[in-house]
Amino acid sequence: MRKLLCLLLCMVVLSGQLLAQTKTLTGRVTDDKGTPIPNASVIVKGSSIGTTTGEDGRFSFVVPANARDLVISAVGFGDIEQRIGNNSEFTINLNTRDKNLAEVVVVGYGTQKKRELTTAVSQVKGSDLQNIPIQGPDQALRGRAAGVNVTQSSGTPGGSININIRGTGSINASSQPLYVIDGIPINIGNYSQIGVGGQTLNALADINPSEIESFEVLKDAAATAIYGSRAANGVVLITTKRGANRKTRVNLNSYYGISEVYKQLPTLTGPQFIELNQEMVRNRFGATVTPGQLGLVGLDGDPSSYPTTNWQDEIFRGGAIQSYDLNLQGGNENTKFFVSGAYFSQEGIVIGSGFKRYNLRMNIDNNLSKKIKVGTSIGLSRSKNTRIQNDNNIYGVVSTSLLLGSHFPAYNADGTYGRDPNASIENAIANAVEPTYDVNNNRILANAYGEWQITNSLSFRSVVGADYLNFREQQYIPSTHIAGAGVRGDGREGYSEDLNLTNENILTFKKQFGDDHDLTLTGVASFQESRFESIFAQATNFPGDAIRRLTAGSQRVAATSNGSSYGIVGYLARAIYGFQGKYLVTASIRRDGVSRFGADKRWGTFPAASVAWRISEEGFLKNSNVISDLKLRASWGEAGNSSIGDFASLPLVGAGNNYAQAAGLAPSQLGNPNLGWESSEQTNVGIDVGFLNNRINLTADYYIRNTRELLLARPLVGSSGFTTINENIGSLQNKGFEFALNSTNIDSRDFRWTTNFNITFPDNKVVKLAGTPFASGFASWVEEGQDLGAFRGFVVKGIFQTQEEIAAAPVHSAATRPGDIEFADLDGDNRITTADQEIIGSAVPDFFGGMINELSYKGIGLNFFLQFVSGNEIYNNTRAFGEGMNSIFGQLATVENRWTAEKGESATLPRAVFGDPSNNRRTSTRWLEDGSFMRLKNVQLFYNLPQSLSQRIKMNNIRIFVQGENLKTWTDYQGFDPEVSTFSITNTAPGTDFLTYPQAKTITFGVNLSF
């Protein structure tokens, strides 16, 4: 009994001592009008101890007895510090001054306030994208971040998006940025093994944009170097939504709309097409020769007797687009959660195409104790893409709608497809509906973390993440289709699986020393392993088209399987120091090892440093009524690019070199133990200025990025048995200016108007190549001293009007006649040869950017977004076919202005001549067009019902809206769409258009409900 009393007494004394070491703080956080602020952050200064306010703005938590100050912050408000002293209860008012500077920005392995940044980082908030009909998160960056050029290659549902941060950074390796979701690098790109043309799929389309809280784009090397060998092309950090310390809130967001083609390209009528073909034959073979004499069927009749079929009317449709997103967000001081489910569906504007996606997400954070926190993020998606042939493909659906003659009907009298007996291309409708090509992708994005607050200043966080893709595609071309008729059905199936495992271990020391010194030290150990498997098979000769599984095909054409893997190990040290909030320094160094590279080059070091001076905190400027913030920044750093084949450095032996059914192997690649990553060095100088109490904010940056040791194929002498070997040769340079301007133009009680504007002036040059210049795409040319994206070809001088002009000028062919094009003799040798080609333009724009205006009056709001690009050229290869006037391909209506003896100099196009013996269609300035455009990308009109009305029906908020996407485009470009790249994601041949699936104009109606 005595021992028990002693034990109880000791426990009482000990508990009293523990209580004496802590104290409970309570309080309420409101705005300057006394309205409670939910989800405000209240933390002990210099530590991670803290909490968030509830719906009523109240908070309560336990702090160490020696805690001196609290830091209170909330989105949209300036943060403040509150001395604790002997107080235990507080009433805290936040105001909107400096709210932009106080906002928290994710910088990788941690966060910083905007005012503390020393690097170039752009932020796009998820709330800015609410209800905009975009398929994936990459589209969200279009026109919204300075220095980020986003090109939607085509309007293909679920198709690829090309993103270049501060220019194209490679020739042969990837130039796409690294994407990191909730701290975990993810897989991007195209997993398809079945080609359908230039278009490719986009793995980022699996991610639901409505789950995203914010995007941070790390642009300069001082910001990206923390990701080492993967960060040369910039980093996009995506943070998904998480729970909050408040009563559970249910949000339902939905919209429905219709998409349609923005414009059609006028084509010849049936009679005009027949007349043109008869004229082409006469101009080549003489006035008495008819198409029938050349073996062309059905073109000799009276032109007026032929029907007209507008194939574009047959394949374009109004496609429905719809989205439904339901999420729950809430929690308490210990456990917070965010759960969402979503469905997105898009019918393509071309029949036979479409995209569907299903998403589930669950994010949970739990405080196991005052020191230990755990959490998980799980995102599940299933997408289905219904594909069609298109883009850089004369057998595609849009392609055949332009290349088929308009002189025969879409359907015959018996209901069968109408076909041109002179053409090998299929009826455009049959192209869309007869073949089947379905892609199903299942994806899991998941991570789990544990965080230990070792002391008030020291914390450790470990994250384990997985990105798993299960990709399956099935294609069948039936015997009723021209392409499948000869082989009695053609079936193909592909299966790919990619598993990316990541472990990030982060040790953070954060402490304030006195009132002047702030220090944050971060150490990271990072491990990543990726494994990829694929299988592909093809069969033909099916007994019928009802059973489309490969097992029904009697002829096995192909059966292959592949596997690959790579690993990355990285170690990072970073220090962030601030003195009096005025002098800021960040320095980091990362050491990476990558299995893809040669044995002598697997490890690399990536240092970076940046400084900033907040001049506005100096005494001579601190009380200025005009300049409310002024910060100068400078940074330097190095990052790498390891986006090459997994075994690019190894000598490889290829299987399948069989002979007479005997298995065979053969060398397929020379090894290079010195093969390493591409290295990108970047210097950045920037300034951040706020005027008039930060109602106007300007950010300006100048950058210069030199990418060295490009991964290129060095040419070899053919007698070696190989034509090339992979080496680190060559260099690129990207430099430019970026400007971002944000302003609050009007901010009264009832009316508010804000403007966000950004513009970038890029400059791109190829500095060094491995060998001689080389061609890419149709007209693109890669040469030292030129843009990566340059076009090369002949220069058009005019159209020959007489035989005398032809006799006096250098010509390419003895068949040249009046009406043919005169090309410039650039080398002066009196002949037109390949030497008379020169650089004729560039796909790199002079500048690009965007402007967003947001206006609100009481509950009514209007937002509109303008996107613009200027100074770039587009090589319109669609016109090379549609205005070629040399064969039985359908022609654009513009050929009505072709040269004839009667029109003479008034004609803008050359003569029509079968076979084009003078090669008027050659690569030249004839097909080069100004690609500049300004587009009304998005307009949204919305109305928030008054709170009094919403609360009567037990709702927190009701919002209804109508919006338009791609409503108006101002451009001189003659194609479907000036935002185009028929080769999809390409480094060397951007800005080419060839029979590309156009983007859509979309009108949607929707509602947001919160309760």
Side-chain angles (χ1 to χ4, degrees), residues 18 22 24-26 29 38-44 47-64 67 70-71 73-75 104 106 109-111 126 180-184 208 211-214 237-251 326-341 359-380 444-467 501-508 510 524:
L18 290 173
T22 62
T24 300
L25 303 183
T26 61
V29 180
N39 209 31
S41 171
V42 184
I43 64 172
V44 175
S47 77
S48 60
I49 299 172
T51 186
T52 55
T53 59
E55 288 289 328
D56 57 358
R58 295 190 178 276
F59 66 88
S60 176
F61 69 120
V62 177
V63 303
L70 295 177
V71 178
S73 60
V75 175
V104 173
V106 179
Y109 305 117
T111 60
V180 180
I181 295 184
D182 292 333
I184 302 300
N208 177 18
E211 299 172 352
I212 295 173
E213 182 70 29
S214 70
L237 303 177
I238 299 175
T239 304
T240 61
K241 296 175 181 177
R242 308 200 74 83
N245 180 11
R246 67 185 183 193
K247 179 182 177 181
T248 300
R249 177 172 293 178
V250 181
N251 301 294
L326 177 68
N327 65 73
L328 291 82
Q329 186 180 47
N332 53 39
E333 187 175 338
N334 291 322
T335 302
K336 303 176 182 65
F337 64 87
F338 174 81
V339 180
S340 73
N359 291 90
L360 290 173
R361 173 164 289 277
M362 181 175 63
N363 292 349
I364 297 177
D365 302 283
N366 180 259
N367 296 321
L368 295 180
S369 68
K370 297 174 183 177
K371 296 286 188 179
I372 299 177
K373 181 180 181 180
V374 296
T376 185
S377 299
I378 302 175
L380 308 176
I444 301 174
L445 277 169
N447 70 72
Y449 74 88
E451 188 172 313
W452 177 24
Q453 191 68 41
I454 304 171
T455 69
N456 290 344
S457 304
L458 184 65
S459 65
F460 175 74
R461 179 184 177 95
S462 184
V463 185
V464 178
D467 181 7
L501 298 173
T502 305
N503 174 221
E504 304 275 5
N505 302 282
I506 309 162
L507 186 66
T508 303
K510 185 174 184 178
V524 178

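Residue numbers start at 1 and run along the sequence shown.
Annotation for K371: atom NZ counts as buried by contact number, over 12 foreign heavy atoms lying within 6.0 Å. More than 12 heavy atoms of other residues, nucleotides or ligands sit less than 6.0 Å from atom NZ of K241.
Here the straight-line distance linking atom CD1 of I181 with atom CD of E211 works out to 9.0 Å at 0.5 Å rounding. Remark: N447 CG to L501 CG distance equals 12.5 Å, nearest 0.5 Å. Once rounded to the nearest 0.5 Å, the distance linking NZ of K510 with CG of N456 reads 13.0 Å. Atom CD1 of I184 sits about 5.0 Å away from atom OG1 of T502, to the nearest 0.5 Å. Taking CZ of R58 as the reference point, atom OG1 of T51 lies at 14.0 Å (rounded to 0.5 Å). Atoms CG and CZ, on N208 and R361 in that order, are 9.0 Å from each other to the nearest 0.5 Å.
When all heavy atoms of E504 and G183 are compared, the pair lying nearest together is CG-O, 4.1 Å. Of all non-hydrogen atoms in D182 and T239, the two that sit nearest each other are OD1-CA, 3.6 Å. Considering every non-hydrogen atom in both V463 and N503, the closest pair reads O-ND2, 3.0 Å. Nearest heavy-atom pair across G450 and V374 is CA-CG1, 4.2 Å. Residues S41 and T52 share a closest heavy-atom pair of CA-CG2, 4.3 Å.
Residues satisfying the side-chain contact (heavy atoms from CB on, under 4.5 Å) criterion with A244, sequence neighbours excluded, are N39, R246. Listed by chain and residue number, nothing satisfies the ring pair (Phe, Tyr, Trp, His ring centres under 6.0 Å) test with F61 (two or more places apart in sequence, or in another chain). The side-chain contact (heavy atoms from CB on, under 4.5 Å) check on D365 picks up R242, K373, Y449, with sequence neighbours excluded. Listed by chain and number, the residues in a side-chain contact (heavy atoms from CB on, under 4.5 Å) with L328 are T248, V250, F337 (sequence neighbours excluded). Partners of S457 by side-chain contact (heavy atoms from CB on, under 4.5 Å), not counting sequence neighbours, listed by chain and number: T455, F509, K511.
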Take V62 and I49 through the side chain to side chain contact (heavy atoms under 4.5 Å, CB included) test and state the conclusion after the steps.
CA-CA 9 Å; V62 177; I49 299 172; over 6 Å; no
Kindly indicate, with the supporting measurements, whether the criterion side chain to side chain contact (heavy atoms under 4.5 Å, CB included) is fulfilled by T508 and Y109.
CA-CA 9 Å; T508 303; Y109 305 117; over 6 Å; no
Would you sort out whether L360 and M362 count as a side chain to side chain contact (heavy atoms under 4.5 Å, CB included), showing the intermediate values?
CA-CA 7 Å; L360 290 173; M362 181 175 63; over 6 Å; no
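Using a 4.5 Å heavy-atom cutoff, the side chains of S340 and N359 are not in contact. At least one side-chain heavy atom of V44 sits less than 4.5 Å from a side-chain heavy atom of L70. Proximity of L458 to L507: side-chain heavy atoms (C-beta onward) are separated by under 4.5 Å at one or more points.
Pairs of residues two or more places apart, or lying in two chains, that qualify as salt bridge (Lys or Arg N to Asp or Glu O under 4.0 Å) and include a residue from residues 455-466 are E451-R461.
Checked by atom type and distance alone, the side chain of N363 never pairs as donor or acceptor with a backbone atom of F338 at under 3.5 Å. Under the 3.5 Å distance criterion, the side-chain polar atoms of T53 are matched with a main-chain donor or acceptor of A40.
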